[in-house]
> 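The structure is given below, and queries will be raised subsequently.
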Amino acid sequence: MRESTDRRGNRLPATGTGTADPGSPAAPPRAQRRTVVGSPEVVHRELLDVAAEYGADEVIAVNIVYDHRARRRSYELLAAAFGL
């Protein structure tokens with residue numbers, strides 16, 4: 001079996017020896033939830049559900065929209081949905 005390395009030469013685990021990909025059917029159900037998409041009301045409800053599922057008292061939102069205005073608007077909608 002050939003050993004795999006990353007760009008820096010660090011050894012990588014052989015296929016099948018690492019943890020499950022979060023999006024794979026073999027991953028635990030919680031690990032499959034990676035995104036929340038929808039209207040401000042839907043996002044508000046789903047983020048509260050995710051926080052409750054994990055027992056979290058805070059949530060960090062990360063938006064990868066390229067356009068600065070669109071990204072800022074997305075954060076504004078999120079803030080308004082949470083009354084911030």
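Throughout, residue positions are numbered sequentially from 1 according to the sequence presented.
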> In Å and rounded to the nearest 0.5 Å, what is the CG to NE2 distance from Asp49 to His44?
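Between Asp49 CG and His44 NE2, I get 10.0 Å after rounding to 0.5 Å.
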
> Counting C-beta onward and ignoring hydrogens, is there a side-chain heavy-atom pair between Leu77 and Ser74 closer than 4.5 Å?
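Of all side-chain heavy-atom pairs linking Ser74 with Leu77, none is under 4.5 Å.
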
> Should we say atom CZ of Arg71 is surrounded by more than 12 heavy atoms from elsewhere, each under 6.0 Å from it?
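Atom CZ in Arg71 is packed in, count exceeds 12.
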
> For Arg45, what residues pass the salt bridge (charged side-chain N to carboxylate O under 4.0 Å, His left out) criterion, not counting sequence neighbours?
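With sequence neighbours excluded, Arg45 shows a salt bridge (charged side-chain N to carboxylate O under 4.0 Å, His left out) to no residue whatsoever.
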
> So which atom in Val36 and which in Val43 form the shortest heavy-atom distance, rounded to 0.1 Å?
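Answer, listing the atom of Val36 first, then Val43: CG1-CA, 3.8 Å.
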
> Would you name the heavy atoms of Tyr75 and Asn63 that are closest together and state the gap between them?
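So the minimum-distance heavy-atom pair works out to OH-N, 2.8 Å.
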
> To which residues is Val62 joined in a hydrophobic cluster, defined by side-chain heavy-atom contacts under 4.5 Å among Ile, Leu, Val, Met, Phe, Trp and Tyr, whether direct or through other members?
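Via sub-4.5 Å side-chain contacts, Val62 links to Ile60, Ile64.
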
> Going hydrophobic residue to hydrophobic residue with side-chain gaps under 4.5 angstrom, can you get from Leu84 over to Leu47?
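Linked within one cluster.
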
> Can you sort out the partners of Ala51 under side chain to side chain contact (heavy atoms under 4.5 Å, CB included), two or more places apart, ordered by chain and number?
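Per chain and number, Ala51 pairs via side chain to side chain contact (heavy atoms under 4.5 Å, CB included) with Ala56, Val59.
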
> For Ala81 and Pro40, work out which heavy atoms get closest and say how close.
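Taking every non-hydrogen atom into account, CB-O, 3.6 Å.
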
